[in-house]
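Right, one structure below, let's go through it.
By convention in this document, chain letters (A, B, ...) are assigned in the order of the sequence lines, proteins followed by strands, and residues within each chain are numbered from 1.
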Protein chains: 2
Amino acid sequence: MIRNSIQVLHAQGYKVTRPRLQVVEILGKAQKPVSPYEIQKMLKQQGRYLNHVTIYRVLELLCHLNLAHKLPSEKGFIKCILGNREGCHRFMICHKCGAIQEYADDKLCRNEKEIAGEIGFHTQYHVSESYGLCSSCYKGELAGNV
Amino acid sequence: MIRNSIQVLHAQGYKVTRPRLQVVEILGKAQKPVSPYEIQKMLKQQGRYLNHVTIYRVLELLCHLNLAHKLPSEKGFIKCILGNREGCHRFMICHKCGAIQEYADDKLCRNEKEIAGEIGFHTQYHVSESYGLCSSCYKGELAGNV
DNA sequence: TATCTAAACGCAATAGTATTGCATTTAGAT
DNA sequence: ATCTAAATGCAATACTATTGCGTTTAGATA
């Protein structure tokens, strides 16, 4: 994550700064979406400090570079695990443990665009989030641990 | 919209109150997503007043009853035009004029669930938003009115 | 390695968004 | 007309987000 981010930042002409690396590091460790202020708190626990405005700006850049994604319905950000793969990135979100699974599927994209096309709508990008239970939480439910 | 909402509220044992009807009326007229505070402003222009907390609560209820939807990435709410149809409601959003098109498609749902199932994820509901240009805005772009 | 500059950051102020608890009001049942 | 649980209004508070501007710094150049 860090290594790749440095590469991308450099390649696109953006400076490799301490705040940027710190945010990337947090995202890299996080197992669920984190908000700008959560990132700030996490850094604080490490004895570090970043202004929240800076964090907002870093996250905006990372999303722009496809190194992270914003999950609107969660108000949080997560690292992108698909690399700079083209097309729509989709998410499965376990609303028990908060775990995120990122995926992409060309067939789904085609189908969505097809339906849109029928009414003359020209799709540019999607936001797709599936909510449910991840396999381990689902097993937990079955076992009666509600 | 109003008539149907009254029916649903009543049927589900919720009171039919003035604030609820006023919010429903605003949503019914709106051609794009509106935030709680926007609703408050619109009512103000009509010489009416609702506390923003009330508006939040009304919207929450309307979503619960499937009479409205929240569009997370837009931070706004829109009326549901599909009725109490089961399944995932999807949206196409024109980011030029803000127009919303709501639709549902069982095949897409099945496909998404299928993919999720492969990794043991149990989908309960989706959030799906396609961003692009509606047919009239697209024509406008082609005509050079950028 | 020192110098330089555009880019990035920190700070302060401010605006917008959202939630909670509690007192008051009211829909609608009797 | 009366009554009560449900709903609303109010006040306080917390969280989220944006903007402008002065200061710092990454990294290019010599």
Side-chain angles (χ1 to χ4, degrees), chain A residues 2-3 5-27 30 32-44 46-65 67-78, chain B residues 2-3 5-26 32-44 46-65 67-78:
Chain A
I2 297 267
R3 189 176 296 269
S5 301
I6 292 177
Q7 217 165 19
V8 173
L9 283 170
H10 212 89
Q12 303 287 329
Y14 294 98
K15 292 185 179 173
V16 177
T17 66
R18 197 169 49 90
R20 285 174 181 166
L21 294 180
Q22 288 180 349
V23 171
V24 166
E25 193 189 336
I26 294 286
L27 285 182
K32 58 193 201 73
V34 284
S35 73
Y37 284 96
E38 281 171 346
I39 292 174
Q40 195 178 39
K41 279 178 203 158
M42 292 160 105
L43 284 170
K44 202 170 186 177
Q46 301 176 7
R48 300 158 189 244
Y49 170 78
L50 284 186
N51 190 280
H52 73 272
V53 180
T54 301
I55 299 174
Y56 273 92
R57 297 196 267 230
V58 169
L59 288 169
E60 189 182 20
L61 177 62
L62 295 180
C63 287
H64 174 68
L65 295 174
L67 292 168
H69 296 294
K70 184 175 191 174
L71 286 185
S73 57
E74 295 286 293
K75 278 189 199 158
F77 293 80
I78 60 169
Chain B
I2 297 266
R3 188 176 298 268
S5 301
I6 292 177
Q7 216 164 19
V8 173
L9 283 170
H10 212 88
Q12 303 286 329
Y14 293 99
K15 293 186 179 174
V16 178
T17 66
R18 196 169 49 90
R20 285 174 181 169
L21 293 181
Q22 286 179 351
V23 171
V24 166
E25 193 189 336
I26 293 287
K32 59 192 203 70
V34 283
S35 74
Y37 283 95
E38 280 171 346
I39 292 174
Q40 194 178 40
K41 279 178 202 159
M42 291 160 105
L43 284 169
K44 202 170 187 180
Q46 301 175 7
R48 301 157 188 243
Y49 170 78
L50 284 185
N51 189 282
H52 73 272
V53 180
T54 300
I55 299 173
Y56 273 92
R57 296 196 267 231
V58 169
L59 288 169
E60 189 182 18
L61 177 61
L62 295 180
C63 287
H64 174 68
L65 296 174
L67 292 168
H69 296 296
K70 184 174 190 175
L71 286 184
S73 57
E74 293 287 293
K75 279 188 196 158
F77 293 80
I78 59 169

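Pairing for D:dT29 is with C:dA2, a Watson-Crick or G-U wobble pair whose two hydrogen-bonding atom distances lie under 3.5 Å.
Atom pair A:Y14:OH and D:dG27:P shows a separation of 14 Å (rounding to whole Å applied). Following rounding to the nearest Å, A:I39 (CD1) and D:dC15 (C1') show an atom-to-atom distance of 15 Å. Rounded to an integer number of Å, the gap from OH of A:Y56 to P of D:dT19 is 12 Å.
Residue A:V53 is the one, among A:V53 and B:R57, whose nearest nucleotide of DNA chain C lies closer to the 5' end (criterion: closest heavy atom). Nearest-nucleotide mapping onto DNA chain C: of B:H10 and B:Y37, the residue sitting toward the 5' end is B:Y37. Two residues, B:R18 and A:K70, neighbour DNA chain D, and the one matched to the more 5' nucleotide by heavy-atom proximity is B:R18.
If you check C:dG10, C:dA18, D:dT8 against the side chain of A:T54, the one that comes closest is C:dG10. If you check D:dT8, D:dT16, C:dA7 against the side chain of A:K15, the one that comes closest is C:dA7.
The side chain of A:Y49 places an N or O atom within less than 4.0 Å of a non-bridging phosphate oxygen (OP1 or OP2) of C:dC11. Residue B:T17 places at least one side-chain N or O closer than 4.0 Å to OP1 or OP2 of D:dT8. Note on A:R20: a side-chain N or O is less than 4.0 Å away from OP1 or OP2 of C:dA8.
A pairwise comparison of heavy atoms in A:L27 and A:F77 identifies CD2-O, 3.7 Å as the closest pair.
In this structure, the separation between CD on B:Q22 and OH on B:Y49 is 12.0 Å, given to the nearest 0.5 Å.
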